[in-house]
Amino acid sequence: MSGPITPTRTYYRVFAALIALTLVTVYVSFLELGPWHTTVGVLIGVVKASLVGLFFMHLLHSSKASWLAVLASLFWLGILMVLTISDYLTRHILEY
Amino acid sequence: MSSAITTGFVPQAKTRPPRTPGENYLNVAFGVKSWLLTTDHKRIAILYLVTLTILFFIGGAAATVIRLNLMTPNGELVPADTYNKLFSAHGIIMVWFFLVPVVPTVLGNFLVPMMIGARDLAFPKINLLSWYVFTIGAIITLWALLAGGVDTGWTFYTPFSSKYARTNVLPTMIGIFISGFSSIMTGLNFIATMHTMRAPGLTWFRMPLFLWAHYAASIILVLATPVLAMALILVGVERAWGIGIFDPELGGDPVLFQHLFWFYSHPVVYIMLLPAMGIVSEIVTCFSRKHIFGYVFVLWSSIGIAVLSFLVWAHHMFVAGQSVYSALIFSALSYMVAVPSAIKVFNWTATLYKGSIAFETPLLFALGFIALFTMGGLTGLFLAALGVDMHVHDTYFIIAHFHFIMVGGSVMGYMGGLHYWWPKMTGRMYSDFLSKLAALIIFVGFILTFLPQFVLGYLGMPRRYHVYPPEFQVLNVMSSAGASILAVGYVLPLFYMLWSLYAGKPSGPNPWGATGLEWQTPSPPPPHNFDETPIVTTGPYEYSIEESALVH
Amino acid sequence: MFAEVPLFPEQASTTAQRVDALFFFLCAVCGTMAVLIAGLVLFFAFKYHRRAEDERTPRITGNNPLEWFWTITPLFVFLIMFLWGANIYTSVSLPPPDALEIFVVGKQWMWKIQHPSGQREINELHVPVDQPIKLTLTSEDVIHDFSVPAFRTKIDVIPGRYMQIWFQPTKTGRYHLFCSQYCGTSHANMVGSVYVLEREEFRQWLDSQAATGSLADQGRQLFLKFQCITCHSADASARAPVLEGLYGRIVPLKDGRTTVADDAYLRESILYPEAKIVQGWEPIMPTFKGQVEEEDLIKLLAFIKSLKPGQTPVRNEESLPPLDAPKVPPGGNPKPRQSVPTYQPQGKSNQP
Amino acid sequence: MSTNHAVLAHHFENLEQQRETAAFGMWIFLATEVLIFGAIFTCYAIYRLRYPLDFEAASARLNVLIGSINTIVLLSSSLTMALSVHATRVGRQQMLLTCLLLTILLGATFLGLKVVEYYQDYKEKLVPVLAFDPDEWTQIEGVEAPVQPQRVQLMLVFYYIMTGLHAAHMIVGMGLLIWLVIEARRGLLTPVRYMPVEVIGLYWHFVDIVWIFLLPLLYLTGTHQAPPWLPIPPIHF
């Protein structure tokens, strides 16, 4: 893995975006969003995590194998979360 | 062919130390230090072999006492408490400290680099570290099991394990937790090695099925083990500080633990099984001198099993209070995972067709694997059916089923692999007669032990019972009789294998006439496996080609 | 000796017949497959055994139509197995409305059983034949499992939750009751017997057992003893909603949600009163966690379920049940299933 | 290329292969880490859905200010870490050392603030077992319905396990960074041998990503009291 050397300029821009998003997510937590706080917070988190992954961790220039590892881990995380939570969300449906 | 390096790699001037004739990985250095500090994957495999053999016999001893106790309905041999500790010890040792690691760390460690034409695994130091981590975990757990014991069963169900058990639950879990990291290291090493270190010409679809099986098993090792680790941490926290995560008194849900536990522990069965399936693919082709039937299907069935095995875990929880919808989904998915297993069995059978079949010991074990695994797999269909599982869940039917898979399948495959590659590992042949006798004894003993348990299970005898209603005695005695035969079958190889080290006749580099890179070097292999990097030009299993044109 | 060795369990419930039918189907399919594979392996092994050391073999690498055939075909067979099994499972999960409800509490290491008419048993369960029986189960400590092999019935009994299972015995006799989920040292001794009696016999048995009033009566006494009546009274000064006709209704909650007043909700409201506050009322109820045992909870539930309009005890009443105390009808409590009317909390709201 | 020989391990063919293997190995390890944290995130999600009010009430008591500052500190450390990789690859030894030391400093700041925060939680009786007052949770202002102390405790347990596990990862990362500083001072991190920085960087960024999710899940769940100087527009659904 010896992709191109990322210029420092990119790092600074990504960092600025991350800080901005952090401020946004904290600000949003003061709004009256009712139950949507966690959803909004996690969505902003996904954007931030993608920025870190793509630029700081050089995923943008990484080998296919690295992408495979990332996608596999997310896929399996999805399995764990979706199937477990689906049990809890459907538990009380049949009783009445 | 002085330069065995082809395009695709940037040439680097790299001189290999010249090898004195007859030098191999065993005699290259002597002394305890040369073993304990080795980074040679072959030596680490031997370290694992010794460790795991010891653990296997400790776990087996526990099983022996369990079966002896069950000879009488009143369980006169040991008190209930001791019995509970024995079956817990048996399960914990056999699952985590024998079956999960055994094929990957012994045969996988030895063969993965050799089969892909590499000099070592990608991370040799991590490989050694994994053995240390494993051994430390095993020692902690063994200490916990011997000094006081643990009575939760290997499943650690909450809230019993977190609140009510008064035994060494915490140290046992710490030992398992630690040894889990060795699993992760091994799996990581295999995946990285197969991605980056294949010999020139060895494309993905020229890899032997043994490697694909290990690749698939490594996926599970890497992605399932962390979830178990987290589950153990949570139970540990709950137990140590009395905080409710799974405790209904404090707002927790005990069933959640089962979700996490089985998210690991169902795929873990395939960690045991997939490498054994890889072994069988190698053995069946070699001794029938045939190309594998349907290479691509067998290959993708391995990957399919690795993925699907993660989608079925809650079939262990059909009566455990999960939602009905969830149970329906998991039942349907459980049937999906049966398909790739069936594909494998059909293809092995078809490989025998028009072959030239030699009944050597490894093949006997492999055929035993096919027979027992088929039975185990088919009875799995009973358990995936929601209506039937409701009746046989947590009975001896389950016990029989998973022993057919784990012992009849995994251990049979491991024994086959050990007999197949023993000449490669040691350069010696073992006794032909005794080894065939052992294969036969194990097969017969196994059937006699576990077949009656299916009947017992359908009759309703629950598992983990120290005493049982008297009408179940005859079947239990049959099972115990079988177990004693089985014990003989497992002790026998210990003797003739050790004996072969001193008196076995030299085997030569390729005693079975097998294809595959690992047979292209001397036995035992030199420290760096190959004198020059091999170049692969065809797929595996070209047994029908006139002259082996595989390796230059 | 072998004459008394059973090889197949007794078939003593309607479920058992259905489970066994599927079991035999599976045996037939799997047996055929096993024989086929074993036969082929043996046949090939003997037909093609190596006769000469330098024997050559044809190069056969596979056959795609054949592969797809044995990939797709099992899927269809599996689909049948799945649907059949799912059919049995879902019907076992839904008790019929006329089922007789019996309560089971598991604890290390015994089964405590309470009949609706107040009789109690330990490690024994008496039921009438040909009558659907609904069990409501809970545990006081760890997870147990209530298993009656002759009925092919099994359910984990989880602390903090009400589990449900039902069966309809078809044959009189005595059957094993096992705890199937490992629960500690004496797990193997957490066994008992289920007695299936003729209906008349069962009635006689009920009469022969000492019972201090029906379960609902006992619950009524607890209702007075724990002074629930102080607030859940039927008069204008009530500080909590009246519980008459509550069971099975939809309850509007303070935060705008609704919930169904089922067993789990009633249980939660007694143990964790703050969890769900009924609309129009203040959270003033103290928790009864630690004061009410599982068995008492069941009695209270039975009382609340039986409570019809106008039956709330008078506040200054003594703990003894009056003569016209509510009786549980023999067929259990009819539950509204089709249209669920919304529960209207009666009495005056205590909000200013 | 005599330097290459020292850098290239015996079992690799060339540097490119060695680099790729190292990076890929770390990615696989991170996949494992995703599942470790994923498991507890799943548990958290289930209880969060089950006891929304209790979890929001507990979240409201956590220190959002320190949590947010720590996020910024950690993101800054990720920046300096990324710059360290850049410095190694272009061979700027002084910049590398500075960036590594800055990363360590920021990491230490994070952990220091975390300790302060834990101590404050302790003083505010937010630590189950050690210091927790069930009674104060039955009457809270600004929350719709009173909450269950046990369920609040559940949320706090998750808070400590999740942040604790994260902090443990930080400590491991700091150890690795200190090793990198030693290597850098010995001049062993060069444009040829830059993989140690890259690989440890991957780990560090991953730990950062975990925190990115911990912030909204633990601290920002539920509506918070805005500081008086912050303009908050009314929103109506």
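Lettering follows sequence order; numbering is per chain, from 1. The shown structure was predicted, so the numbers you read here are calculated from the model rather than taken from an experiment.
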Checklist entry - Taking every heavy-atom pair that is under 4.5 Å apart, which of B:Leu352, B:Leu459, B:Val467 has the most such pairs with chain C? => result B:Leu459
Checklist outcome for this item: Rounded to the nearest 0.5 angstrom, the CG-CG distance for B:Leu475 and C:Leu7 is 6.5 Å
Checklist entry - Top residue by heavy-atom pair count (under 4.5 Å) with chain B, among C:Lys47, C:His176, C:Met163? => result C:His176
Checklist entry - For the candidates C:Pro58, C:Ala38, C:Gly31, which exhibits the highest count of non-hydrogen atom pairs separated by less than 4.5 Å from chain B? => result C:Pro58
Item to check | B:Tyr164 to C:Glu140 - nearest heavy-atom pair and separation | outcome: OH-O, 4.0 Å
Checklist outcome for this item: Output for pair (B:Thr349 OG1, C:Leu40 CG), nearest 0.5 Å, gives 6.5 Å
Checklist entry - Where on B:Thr351 is there a heavy atom nearer than 4.5 Å to chain C: the side chain, the backbone, both, or neither? => result neither
Checklist entry - Taking the side chain from C:Lys154 and the backbone from B:Val319, do they hold a donor-acceptor pair closer than 3.5 Å? => result no
Item to check | Side chain, backbone, both or neither of B:Leu367 within contact of chain C (heavy atoms, under 4.5 Å) | outcome: side chain
Next on the checklist: Parallel, tilted or perpendicular, judged at 30° and 60°: which one describes the rings of C:Trp68 and B:Phe297?
Outcome noted: perpendicular
Checklist entry - Checking heavy atoms, do the side chain of C:Cys179, its backbone, both or neither come under 4.5 Å from chain B? => result both
Item to check | B:Leu378 and C:Val29, any side-chain heavy atoms less than 4.5 Å apart | outcome: no
Checklist entry - Passes side-chain contact (heavy atoms from CB on, under 4.5 Å), C:Val191 versus B:Tyr468? Steps please. => result CA-CA 9 Å; C:Val191 295; B:Tyr468 53 84; over 6 Å; no
Checklist entry - Looking at C:Ala16, C:Ala86, C:Ser180, which has the largest count of heavy-atom pairs under 4.5 Å with chain B? => result C:Ser180
Item to check | side-chain contact (heavy atoms from CB on, under 4.5 Å) between B:Arg289 and C:Arg56, worked out | outcome: CA-CA 8 Å; B:Arg289 229 177 241 175; C:Arg56 290 279 146 210; 5.6 Å; no
Item to check | Part of C:Ala34 within contact of chain B (heavy atom distance under 4.5 Å) | outcome: both
Checklist entry - Do you know which of C:Phe43, C:Tyr182, C:Phe178, C:Phe44 has the most heavy-atom pairs with chain B at a distance under 4.5 angstrom? => result C:Tyr182
Checklist entry - Which atoms of C:Glu53 come close to chain B, meaning under 4.5 Å heavy atom to heavy atom: side chain ones, backbone ones, both, or neither? => result both
Checklist entry - Quick one: what part of C:Asn63 sits under 4.5 Å from any heavy atom of chain B, side chain, backbone, both or neither? => result both
Checklist outcome for this item: Interatomic distance, OG@C:Ser147 vs NE2@B:His391, rounded to 0.5 Å, equals 8.0 Å
Next on the checklist: Using side-chain heavy atoms (C-beta onward) and a distance below 4.5 Å, is B:Ile357 in contact with C:Phe46?
Outcome noted: no
Checklist outcome for this item: So, the part of B:Val296 with a heavy atom under 4.5 Å from chain C: the answer is neither
Next on the checklist: With chain C as the partner, which of B:Thr379, B:Ile343, B:Thr374 has the greatest number of non-hydrogen pairs under 4.5 Å?
Outcome noted: B:Ile343
Item to check | Engaged part of B:Thr155 at the chain C interface, taking heavy atoms whose separation is under 4.5 Å | outcome: neither
Checklist entry - Taking side chain as C-beta onward, heavy atoms only, is B:Phe346 less than 4.5 Å from C:Ile37? => result yes
Next on the checklist: Heavy-atom pairs under 4.5 Å with chain C: which of B:Ala320, B:Gly153, B:Ala80, B:Ser162 has the most?
Outcome noted: B:Ala320
Next on the checklist: Only pairs of heavy atoms separated by less than 4.5 Å count here; which of C:Cys27, C:Pro74, C:Ser91 has the most with chain B?
Outcome noted: C:Cys27
Item to check | Side-chain donor or acceptor of B:Asp394 paired with backbone N/O of C:Gln181 under 3.5 Å | outcome: no
Checklist outcome for this item: If you tally heavy-atom pairs under 4.5 Å between each of B:Phe472, B:Phe359, B:Tyr295 and chain C, the highest tally belongs to B:Phe359
Checklist entry - Taking the six-membered ring for Trp, are C:His187 and B:Tyr465 parallel (under 30°), tilted (30 to 60°) or perpendicular (over 60°)? => result perpendicular
Hey, can you pull the donor-acceptor pairs under 3.5 Å for the side chains in residues 331-341 of chain B, sequence neighbours left out?
| residue | atom | partner | partner atom | Å |
| --- | --- | --- | --- | --- |
| B:Ser331 | OG | B:Ala384 | O | 2.8 |
| B:Ser334 | OG | B:His315 | ND1 | 2.7 |
| B:Ser334 | OG | B:Phe330 | O | 2.6 |
| B:Tyr335 | OH | B:Leu381 | O | 2.9 |
| B:Tyr335 | OH | B:Ala385 | N | 3.2 |

Checklist entry - So which part of B:Phe87 gets closer than 4.5 Å to some heavy atom of chain C, the side chain, the backbone, both or neither? => result side chain
Checklist entry - In Å, rounded to the nearest 0.5 Å, how long is the span from NE2 of B:His393 to CD1 of C:Ile155? => result 10.0 Å
Checklist entry - Given a strict heavy-atom distance threshold of 4.5 Å, which part of C:Ile158 is in contact with chain B: side chain, backbone, both, or neither? => result side chain
Checklist entry - Under a 4.5 Å cut-off applied to non-hydrogen side-chain atoms, are C:Tyr48 and B:Ser356 in contact? => result no
Next on the checklist: Working to the nearest 0.5 angstrom, can you tell me the gap between B:Asp389 CG and C:Leu22 CG?
Outcome noted: 11.0 Å
Next on the checklist: Looking at C:Glu293, I'd like to know if its CD atom is crowded, meaning that more than 12 non-hydrogen atoms belonging to other residues, nucleotides or ligands lie closer than 6.0 Å.
Outcome noted: no
Checklist entry - Do the side chains of B:Lys354 and C:Thr57 get nearer than 4.5 Å, heavy atoms only? => result no
Checklist entry - Which bit of C:Arg161 comes within less than 4.5 Å of chain B, counting heavy atoms only: side chain, backbone, both or neither? => result side chain
Item to check | Which atoms of C:Val19 approach chain B - backbone, side chain, both or neither, heavy atom under 4.5 Å | outcome: both
Checklist entry - Which word best sums up how the rings of C:Phe23 and B:Phe382 line up, parallel for under 30°, tilted for 30 to 60°, or perpendicular for over 60°? => result perpendicular
Item to check | Which portion of B:Gln258 sits near chain C, non-hydrogen atoms under 4.5 angstrom | outcome: side chain
Checklist outcome for this item: Given B:Pro452, B:Ser301, B:Pro469, B:Ala350, the one with more heavy-atom pairs under 4.5 angstrom with chain C than any other is B:Pro469
Next on the checklist: Is there a side-chain contact (heavy atoms from CB on, under 4.5 Å) between C:Thr90 and B:Leu328? Walk through the geometry before answering.
Outcome noted: CA-CA 9 Å; C:Thr90 43; B:Leu328 293 177; 4.2 Å; yes
Checklist entry - When heavy-atom pairs shorter than 4.5 Å are enumerated against chain C, which of B:Thr152, B:Val455, B:Asp151 gives the highest number? => result B:Asp151
Item to check | C:Thr15 and B:Met390, any side-chain heavy atoms less than 4.5 Å apart | outcome: yes
Item to check | Set of salt bridge (Lys or Arg N to Asp or Glu O under 4.0 Å) partners for C:Arg267, sequence neighbours left out | outcome: C:Glu294
Next on the checklist: Measuring only between side-chain heavy atoms, which start at C-beta, is C:Ile60 closer than 4.5 Å to B:Phe293?
Outcome noted: yes
Next on the checklist: With a 4.5 Å cut-off on side-chain heavy atoms, are B:Val388 and C:Arg152 touching?
Outcome noted: no
Item to check | Atom group of C:Leu79 that falls short of 4.5 Å from chain B, counting heavy atoms | outcome: neither
Checklist entry - What part of B:Tyr83 gets closer than 4.5 Å to chain C, counting heavy atoms only: side chain, backbone, both or neither? => result neither
Checklist outcome for this item: chain B shares the most heavy-atom pairs under 4.5 Å, among C:Asp141, C:Leu75, C:Ile165, with C:Asp141
Item to check | Heavy-atom proximity to chain B below 4.5 Å, by part of C:Met81 | outcome: both
Item to check | C:Asp156 and B:Tyr157 side chains, donor-acceptor separation under 3.5 Å | outcome: no
